[in-house]
> 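One structure coming up, written as structure tokens, with questions to follow.
The chain is numbered in sequence order, starting from 1. Read the numbers this way: they start at 1 and go in the same order the structure lists the ligands and their atoms.
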Amino acid sequence: MGEAFREIMKRARQSVPEWSATQVNDALTQREQKQDDFVLVDVREKNEWNEGHIPGAVHVPRGFLETQIEEVIPDKAKKVVLYCAGGVRSLMAGNTLQQMGFTDVVSLTGGYGQWKAGGFPFVEPRTLSEAQNRRYSRHLLVPEVGEQGQMKLLDSKVLLIGAGGLGSPAALYLAAAGVGTLGIIDADVVDDSNLQRQVIHNTERIGEYKAESAKIAINALNPDVNVKTYIERLDETNVQQLVQEYDVIIDGTDNFPTRYLLNDIAVIENKPVVHGSVFRFDGQVTIFQPHEGPCYRCLYHEPPPPALAPSCAEAGVLGVLPGVIGLLQATETIKLLLGIGDPLVGRMLTYDALAGEFNELKLFRDPHCPACSEGAHPEELPTYAAVCAVPARQLANAVS
Ligand SMILES: [Zn+2]
């Protein structure tokens with residue numbers, strides 16, 4: 001330590017009072033009991049903070065102190081308790097704050113080292129691993145996502161109803177994005193006629209369960225993702241438990257019974273359903289967010305009688321179209337999970353691939369909806385026997 005530095009430290013000590021770890025701990029206890037009010041600021045570097053810090057502290061690294069402290073503490077009369085690793089940087093920081101006009105600044109003597117040695121409590125914040133920092137680097141560069149958002153995605157659980165045309169692209173991109181838990185319910189096996197659009201499967205896995213095939217593809221893409229497979233159909237026996245377990249449901253089904261069943265339970269459980277459907281060259285996507293926008297029954301109280309239901313023949317679809325719609329569903333899902341942007345609640349986005357046109361339809365809640373209106377009893381609504389797939393185009397026409 002040079003002479004000049006010693007002199008600087010001496011002056012800093014004369015102007016910035018120091019507290020012991022015990023004193024800081026007592027003050028924190030009093031603050032918890034609302035008998036004291038101050039801000040505890042950790043001025044160390046990010047990597048030091050990440051390795052552990054005092055509970056209740058805010059982090060303003062020494063290098064950013066002058067530029068950031070006024071945003072964190074606008075009131076310069078407020079008491080500020082500073083700490084670093086050993087008590088030197090916090091003294092210097094205290095001096096800086098005094099020069100900036102802060103009138104009540106204290107430094108923790110011996111810093112975080114003394115704090116830990118004294119057996120006082122500390123927290124080790126969760127951070128992304130090095131591998132995750134690399135994998136999600138393009139997310140981390142987006143301020144609306146960032147490290148906190150990425151951890152939110154890793155903690156999120158999304159249920160995909162079906163690993164078919166819509167579920168395949170949605171599952172792949174949600175897995176790539178690092179959505180930590182993906183549930184996939186599908187009782188079907190991969191057929192060669194699926195591969196024109198269901199890109200999560202491949203020729204080798206023809207004959208395997210779709211849910212298992214999807215799991216293989218996702219595991220190969222991103223080991224961060226926990227895939228839970230359900231080789232069954234969604235019905236009254238399993239729907240409630242499944243919906244309860246997940247944050248967002250992606251509806252990739254094409255039949256009435258499942259859609260109504262899912263809707264009514266989602267309303268009861270207050271879970272958003274990201275709905276998509278495709279037919280030939282047309283697709284549509286919307287979010288049924290219970291009580292914030294319309295639910296499926298707001299649009300159609302009941303399915304048409306089986307006699308009027310469309311024929312059960314497989315509907316044709318341009319192979320790329322479910323890719324577009326499934327990825328819009330994945331996009332809306334990520335927005336919901338992160339709480340960013342304007343979700344497609346009360347709006348249906350339609351896509352006409354032949355015309356190359358997107359359009360938007362406004363959807364409204366029905367004050368007499370049997371599922372989501374005030375006083376409705378969604379738990380008492382009937383379930384329906386499997387009838388047929390209904391082409392999406394008819395729904396789009398019915399809505400417009
Ligand atoms: Zn409704």
Side-chain angles (χ1 to χ4, degrees), residues 158-162 166 185 234-236 238-279 283-306 308-310 325 328-329 332-333 335-337 339 341-350 359-400:
V158 173
L159 178 66
L160 293 125
I161 315 288
L166 298 168
I185 175 164
L234 195 76
D235 60 27
E236 305 91 274
N238 56 19
V239 63
Q240 190 143 16
Q241 204 185 347
L242 279 169
V243 168
Q244 276 171 355
E245 199 181 324
Y246 291 86
D247 305 314
V248 178
I249 322 297
I250 294 189
D251 178 13
T253 59
D254 57 356
N255 69 81
F256 277 134
T258 309
R259 209 168 268 169
Y260 280 87
L261 180 69
L262 180 61
N263 180 74
D264 299 344
I265 296 297
V267 169
I268 292 169
E269 297 295 336
N270 200 20
K271 295 288 173 82
V273 174
V274 183
H275 167 93
S277 63
V278 289
F279 179 64
Q284 56 189 34
V285 56
T286 188
I287 299 174
F288 297 119
Q289 175 85 57
H291 311 297
E292 282 180 33
C295 77
Y296 191 69
R297 277 195 202 261
C298 286
L299 311 182
Y300 319 100
H301 283 198
E302 291 172 7
L308 294 181
I325 300 300
L328 286 171
Q329 287 179 282
E332 290 301 310
T333 299
K335 283 163 61 184
L336 285 178
L337 296 173
D342 289 323
L344 277 173
V345 176
R347 298 184 290 143
M348 182 174 278
L349 191 65
T350 66
N359 279 298
E360 189 180 299
L361 306 167
K362 288 261 175 284
L363 306 179
F364 299 97
R365 290 189 68 185
D366 178 351
H368 305 294
C369 172
C372 77
S373 61
E374 211 171 304
H377 294 281
E379 68 284 355
E380 291 171 11
L381 287 167
T383 53
Y384 304 100
V387 273
C388 290
V390 74
R393 176 138 208 171
Q394 294 188 359
L395 291 179
N397 288 343
V399 173
S400 62

> Any donor-acceptor pair under 3.5 Å linking the side-chain atoms of Ser277 with those of Gln284?
yes

> Closer than 2.8 Å to the Zn ion (ligand 1), which protein N, O or S atoms?
Cys295 SG, Cys298 SG, Cys369 SG, Cys372 SG

> Can you name the residues that form a side chain to side chain donor-acceptor pair (under 3.5 Å) with Gln289, not counting sequence neighbours?
none

> Who are the side chain to side chain donor-acceptor pair (under 3.5 Å) partners of Asn263, not counting sequence neighbours?
none

> Search all heavy atoms of Pro378 against all heavy atoms of Val267 and return the closest pair with its distance.
CG-CG1, 4.2 Å

> Of all the heavy-atom pairs spanning His301 and Tyr260, show the shortest one and how long it is.
O-CE2, 3.7 Å

> Would you be so kind as to tabulate the donor-acceptor pairs closer than 3.5 Å made by side chains of residues 369-377, with sequence neighbours excluded?
residue, atom, partner, partner atom, Å
Ser373, OG, Cys369, O, 2.5
His377, ND1, Glu379, OE2, 3.2

